[in-house]
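Read through the structure below, which is laid out as structure tokens, and then see the notes.
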Number of protein chains: 2
Amino acid sequence: MATATIYDVAAHAGVSIKSVSRVLNAEPNVSQALRDKVDKAVAALGYRRSLSARTLAGASSSLIAALVDAQLTIEHWRSGRGNDYLSRLELGALMECRQADFHLMVELVDHGSPDLRRDLMSLLASIRPAGVMLTPPNSDHPVVLDVLDEAGIPYARIGPESDFHRGIRVSMDEQQAAADITDHLIDLGHRRIGMITGPLGYSASRLRLAGFEAAMKGRGLTIAPGMVVDGDFTFQSGLAGAERLLAAEPRVTAIFAANDDMALGVLQGAAAMGLSVPGDLSVAGFDDTPSALFSTPSLTTIRQPVAEMAAAATRRLVPSLRAALAQGEAAEAVVVPYALIVRASTGTPPAE
Amino acid sequence: MATATIYDVAAHAGVSIKSVSRVLNAEPNVSQALRDKVDKAVAALGYRRSLSARTLAGASSSLIAALVDAQLTIEHWRSGRGNDYLSRLELGALMECRQADFHLMVELVDHGSPDLRRDLMSLLASIRPAGVMLTPPNSDHPVVLDVLDEAGIPYARIGPESDFHRGIRVSMDEQQAAADITDHLIDLGHRRIGMITGPLGYSASRLRLAGFEAAMKGRGLTIAPGMVVDGDFTFQSGLAGAERLLAAEPRVTAIFAANDDMALGVLQGAAAMGLSVPGDLSVAGFDDTPSALFSTPSLTTIRQPVAEMAAAATRRLVPSLRAALAQGEAAEAVVVPYALIVRASTGTPPAE
DNA sequence: TTGAAAGCGCTAACAA
DNA sequence: TTGTTAGCGCTTTCAA
């Protein structure tokens, strides 16, 4: 396959290579006639610019690098499970890249490495991405942010938890979402609602707890002692949390778990105690992982707009896409709307 | 960040750039002294070759492109669900790329496009990957294979269903896996076992059915009429299939669904009929999607080694990795072992 | 065993 | 509005 080069196109169109380059880059001050000639030649030859040549010559690289955490990824690899978060993220980014003729490269970053700085610098030197998308926990790693700043490479941080002045921040309103799902339970008639939190080291966990507390307070409800228990986002901790919450009297009629895996654990715990869901107990989760849809009963939860966040990030990282954004849209801090998904695991509380 | 170039390294080491290049490429006929000097300079400068310059200058690109189906991906995007298959695939590929200092690029391919041939050629011209990984249904698309052959780019096909002489084929033994899970049910004491198949247009569906039939026959069991019903891999079709199978008398004591989503539908159908699983009915799936672990009861299933298949493919696509493979391992057709995962949805049949 | 010089296919000054 | 000429940082001839 002797691929056509810019010289072939120029020859075919009877113009200089610079003119071809101008048309290809949509530069101003080009006559329509020239534009047409070049377009025709490009079409005739099935020409496409070489990514390497463009990057080498100094254009930005039309390449977005997604820096994902190696440890988390390896954990998923070992457990044989996929990584729903990662795949949704990618889909969102890919859809946008496609529009702009950009490419997505996925890179594993070992954020615990002592050579992180050097690893990162050499990675960037090697691939020279036009922009970088950071996923938690890389979104908040100071070394990662520093290196990117020094290299002058634009970056978008998905779900940042700190340094709210650096880079492009794309997130959802965790607190409001938690408040919404709590309100949903209260609207159904629940008064005694328990919560299982995520690890409080994550601000997402703290925000979800704050949303729960705010909603309860906003509706004049008190959270009895022991009605908030700690979890660590695992199925097991959800199960354990459910056992503790359901042992207390008067029993809670609803449990809000800070993620779906824990909510699934609650479902199992309830089943083990012979409690029907939602007849005896309503259960709500957070994230809308695939398993939430197929659990019995299916789980009421918050859909984290992961794909949408990645798409928003990509749109702000790719120059041509960014240019197409409306004025207000182009902000450096974007909050993407979530959705409350009401399924079968929540209902009215049992009669007293 | 003024990144170091090969000239900087050469200057630092007091040698020519060609020598640096030789050391970097592990070419023969290089003195140890020179090698040491260069290595030291590289380390001192934190030097890393530019991917673009290398590719442009003619070296193969140290880039693997995964060509995934755009339609499937967009469907997943719209439905808000992730894509477990894709993420497992990527993890496997990424882990291997990392070893070899290769990079993974994910590309959407619209296999229904009338311009597929041109799209593909220009994609390859643009990124010039050293190797390509094909996922279903691209694994079997003749145009895709043709273009790759013409371009002389090595490719690996995950789960190929035809053309068993082209490219590197990486698969698992679908039929044996189905036979294994059927044997598992028979070993538990089941005699009346129903099956819900996938769309028979896919050879994977046919192989799973063949495995079921072979196992039944191998154990001297007959498959009564109506004991095999068609499904289409969706939850809904699993539910419908269960309703049909469970309406027949004498009732089946076990159902093998050709994938997990359908098995989850069976679980729901059984629950709706007041049947306990596995007390009254055993249910087995296929794939080991994340939801299989969290369903109630958790699902006995076959773990598709998606990540392992991708890793095997990558190992055969990356020259340095391929060189490290043992003799027999290097075959162009690789069968990766699956695993039978016995969970809570299968047990001994109810007493007659 | 080493090095000098010529590209790879583009973009970016600088002219015309 | 268009074209000419240098590079970008490598690998690859071809010499030494």
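Reminder, nothing fancy here: chain letters follow the sequence lines and each chain counts from 1.
- Ion pairing of A:Arg166 with A:Asp146 is present here, as a side-chain N (NZ or NE/NH1/NH2) and a carboxylate O approach within less than 4.0 Å.
- If you check residues 14-24 of chain B against DNA chain D, the residues with a heavy atom closer than 4.0 Å are B:Ile17, B:Lys18, B:Ser21, listed by number.
- Among B:Glu332, B:Glu96, B:Glu329, the one residue that satisfies the salt bridge (charged side-chain N to carboxylate O under 4.0 Å, His left out) test with B:Arg322 is B:Glu332.
- B:Ser139 and B:Arg157 form no side-chain donor-acceptor contact under 3.5 Å, judged by distance and modelled atom types alone.
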- Task: Could you please spell out the steps behind the salt bridge (Lys or Arg N to Asp or Glu O under 4.0 Å) verdict for B:Arg88 and B:Glu308?
- Result: CA-CA 9 Å; B:Arg88 286 158 73 176; B:Glu308 290 81 355; over 6 Å; no
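- Between B:Asp101 and B:Arg49 there is no salt bridge, since no side-chain nitrogen of the basic residue lies less than 4.0 Å from a carboxylate oxygen of the acidic one.
- Listed pair A:Ser31 / D:dT2 meets the phosphate criterion, a side-chain N or O lying under 4.0 Å from OP1 or OP2.
- Between the P atom of D:dC10 and the CG atom of B:Asn25 lies a distance of 11 Å, rounded to the nearest Å.
- In this structure, A:Arg54 atom CZ and C:dC8 atom C1' are separated by 16 Å, rounded to whole Å.
- Put simply, CG on A:Leu51 is 19 Å from P on C:dC8, counting in whole angstrom units.
- For B:Ile6, taking side-chain heavy atoms from C-beta onward, the closest of the listed nucleotides D:dG7, D:dC10, D:dT2 is D:dC10.
- A:Asn29 has no side-chain polar atom (N or O) that falls below the 4.0 Å cut-off from OP1 or OP2 of D:dT2.
- When the P atom of C:dT11 is taken as reference, atom CZ of A:Arg128 falls 16 Å away, rounded to whole Å.
- In this entry the distance linking CG of A:Leu45 with C1' of C:dG9 reads 15 Å, nearest Å.
- Remark on DNA chain C: of its neighbouring residues B:Leu56 and A:Arg49, the 5'-side contact belongs to B:Leu56, judged by nearest-heavy-atom nucleotide.
- For the residue pair A:Asn138 / A:His111, no side-chain donor-acceptor distance below 3.5 Å is found, with atom types taken as modelled.
- With hydrogens and angles left out, the side chain of A:Tyr7 and the base of C:dC10 share a donor-acceptor pair within 3.5 Å.
- A salt bridge does not link A:Arg169 with A:Asp163: every distance from a Lys NZ or Arg NE/NH1/NH2 to an Asp or Glu carboxylate oxygen is 4.0 Å or more.
- Between D:dT1, D:dT11, C:dC10, one nucleotide has an atom nearer to the side chain of A:Tyr47 than all others, and that is C:dC10.
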